[in-house]
Amino acid sequence: MTSDIRPQPGIMDIALYVGGAATVAGKTNTIKLSSNENPFGPSDKAKEAFGRSVHALHRYPNTDHAALREAIADVQHLDADRVICGVGSDEIIHFLCQAYAGPGDEVLFTEHGFLMYRISAMAAGATPVEVPERERTTDVGALLAACNERTKLVFIANPNNPTGTMISAAEVAQLAEGLPPQAILVLDGAYAEYVDGYDGGLSLIEQRDNVVMTRTFSKIYGLGGLRIGWGYGPKAIIDVLNRIRGPFNLSNTQLEAAEAAMRDQDYINRCRADNARMRVWLAEALAEVGVPSDTSLANFVLARFADAAEAEACDAFLCDQGLIVRRVAGYKLPHCLRITVGDESACRRVAHAVAQFKGKR
Ligand SMILES: Cc1ncc(COP(=O)(O)O)c(C=O)c1O
């Protein structure tokens with residue numbers, strides 16, 4: 001390797017993304033509550049489709065993802081021509097930055113926003129701009145005030161990760177309306193399915209030409225290990241994104257499992273109801289022992305401790321009991337731990353352990 005071989009400017013400034021821990025050294029019977037996964041996994045129908053796909057492993061997948069896009073369009077009542085599928089919604093975020101932001105351009109996201117917005121902006125050579133939140137909630141006024149003629153993309157997750165908070169449809173519409181003409185609003189709906197009756201911003205997308213939505217099969221659909229996401233937006237933007245999408249970015253296995261998962265909405269409805277029940281239970285159990293959280297609309301609770309030292313000590317205590325939660329210092333929340341809503345027994349175990357840590361049991 002010679003010193004003449006160099007990556008593009010800014011690439012070496014990207015901090016590596018660190019996923020939620022999956023193991024604890026020396027422990028076997030662990031419970032992973034660190035990556036916002038569905039504790040019940042995918043629907044049986046998705047698993048059956050996964051199994052069937054083994055018979056076509058020697059075949060290239062189709063390049064247009066037509067069957068999966070049709071399934072998404074049928075179930076969500078959308079136009080299949082305006083759906084794009086990717087390797088997780090991460091890939092759709094990446095396409096947006098690659099296609100619409102470059103050197104000299106600014107990409108906005110919120111203070112505690114998902115780390116991939118910054119990484120994808122920097123990978124595209126653009127300037128990441130972090131905008132303050134109000135009490136761990138997206139602040140539309142602050143976002144609009146941060147916009148200028150260089151702003152190309154504005155990312156918000158609604159509900160947000162890792163805060164779990166959400167802004168109203170009226171506030172999202174106000175944001176879309178107030179953006180400068182060259183900017184796109186990206187509504188990241190990774191947790192949209194957990195919110196009863198929420199369309200992820202679809203109705204706004206149908207009214208405007210500057211709003212795109214990203215969605216994922218990694219959370220409520222229980223397919224995080226398979227890596228499938230999708231996006232929806234104005235035809236002109238989706239056409240642009242398809243030009244930089246690898247033709248075979250999704251395998252037959254991903255396409256078939258995702259299609260079956262999307263068509264099994266009974267399963268999704270059951271998961272949503274179970275999550276809502278246990279999320280309320282967990283938040284209340286934590287609050288009872290002096291660990292508050294904001295009202296979460298997602299599949300996790302952001303537990304707040306007195307300070308970073310207490311959060312770190314609680315994390316160590318939980319790890320010792322084989323309970324893996326997420327430290328969120330990298331999201332500028334060093335005094336918090338993000339705890340995924342697991343099944344009932346996992347929620348009971350983690351609540352009991354936090355109570356023991358607080359000396360309340
Ligand atoms: C807010 C948000 N957006 C996007 C993603 C990316 O999900 P995936 O690439 O698995 O679809 C995540 C994953 O944690 C997330 O929390």
Side-chain angles (χ1 to χ4, degrees), residues 20-21 29-41 112 133-138 157-168 189-198 219-220 222 268-329 331-361:
N29 184 20
T30 55
I31 294 183
K32 183 175 180 229
L33 301 172
S34 56
S35 298
N36 299 340
E37 296 149 339
N38 182 336
F40 306 108
H112 308 300
E133 297 187 16
R134 196 177 0 91
E135 291 285 305
R136 296 169 299 280
T137 306
T138 298
N158 209 28
N160 194 17
N161 170 28
T163 59
T165 60
M166 192 171 175
I167 59 170
S168 69
Y191 303 95
E193 295 84 0
Y194 287 106
V195 186
D196 218 3
Y198 174 51
K219 305 299 176 188
I220 206 166
I268 299 306
N269 293 336
R270 285 201 298 280
C271 292
R272 178 188 304 112
D274 196 86
N275 176 74
R277 182 173 66 87
M278 290 317 301
R279 180 182 61 204
V280 170
W281 184 89
L282 179 61
E284 284 176 4
L286 295 174
E288 269 171 31
V289 296
V291 179
S293 57
D294 299 310
T295 300
S296 169
L297 290 127
N299 65 337
F300 52 86
V301 169
L302 184 70
R304 288 203 306 278
F305 292 83
D307 51 29
E310 193 189 35
E312 200 173 326
C314 185
D315 184 40
F317 184 85
L318 295 176
C319 261
D320 210 42
Q321 308 209 1
L323 293 162
I324 310 172
V325 303
R326 184 71 165 259
R327 299 240 24 226
V328 280
Y331 284 93
K332 300 191 164 55
L333 294 160
H335 59 303
C336 298
L337 295 177
R338 193 192 67 192
I339 307 175
T340 301
V341 177
D343 60 17
E344 183 160 347
S345 113
C347 288
R348 286 188 185 280
R349 260 185 74 179
V350 78
H352 183 72
V354 173
Q356 276 182 320
F357 170 78
K358 293 290 267 185
K360 299 270 168 71
R361 219 154 267 171

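Every value quoted in this text rests on a predicted model; they were computed, and no experiment measured them. Below, all heavy atoms of this structure are taken into account, side chains as well, without hydrogens, waters or symmetry copies.
In this structure the side chain of L318 reaches within 4.5 angstrom of the side chain of V350, judged on heavy atoms. Side-chain contact between V341 and Y194 is absent, with no heavy atoms from C-beta onward closer than 4.5 Å. Considering only heavy atoms from C-beta on, Y198 comes within 4.5 Å of M166 through its side chain. L302 has its side chain out of reach of H112: every pair of non-hydrogen atoms, C-beta onward, lies at least 4.5 Å apart. Annotation: side chain of H335 is not in contact with side chain of E310 (no heavy-atom distance under 4.5 Å). Using a 4.5 Å heavy-atom cutoff, the side chains of L337 and C314 are in contact. Between Y331 and T163, the closest side-chain pair of non-hydrogen atoms is not below 4.5 Å.
Between the side chain of T340 and the backbone N or O of L33, at least one donor-acceptor pair lies under 3.5 Å. Distance alone, capped at 3.5 Å, places no donor-acceptor pair between the R279 side chain and the V301 backbone. A donor-acceptor pair under 3.5 Å is formed between the side chain of T165 and the backbone N or O of R136. No donor-acceptor pair closer than 3.5 Å links the side chain of S34 to the backbone N or O of R326. A donor-acceptor pair under 3.5 Å links the side-chain atoms of N38 to the main chain of I220, judged by distance alone.
From D307, atom CG reaches atom SG of C336 across 11.0 Å, with rounding to the nearest 0.5 Å. Distance CD1/I324 to CG/D315: 10.0 Å, rounded to 0.5 Å. Here the SG-NE2 distance, from C347 to H352, works out to 14.5 Å after rounding to the nearest 0.5 Å. Note that the CD atom of Q321 and the CZ atom of R349 stand 7.5 Å from one another [nearest 0.5 Å]. Taking CG from L323 and CG from N29, the interatomic distance works out to 9.5 Å, rounded to the nearest 0.5 Å.
The two atoms that bring P159 and G164 nearest to each other are CB-O, 4.0 Å, heavy atoms only. Closest non-hydrogen pair, A298 versus N275, comes out as O-ND2, 3.1 Å. Residues V291 and A303 come closest through the heavy atom pair CG1-CB, 3.6 Å.
Residues in residues 274-308 take part in these ring pair (Phe, Tyr, Trp, His ring centres under 6.0 Å) pairs, two or more places apart or across chains: Y191-F300.
No hydrogens or angles considered: a donor-acceptor pair under 3.5 Å links the side chains of R338 and N161.
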D294 and R304: CA distance, side-chain angles, deciding distance, side chain to side chain contact (heavy atoms under 4.5 Å, CB included) verdict = CA-CA 9 Å; D294 299 310; R304 288 203 306 278; 3.1 Å; yes
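Residues R272 and E193 are not paired through a salt bridge, judged by the lack of any N-O separation under 4.0 Å between the basic side chain and the carboxylate.
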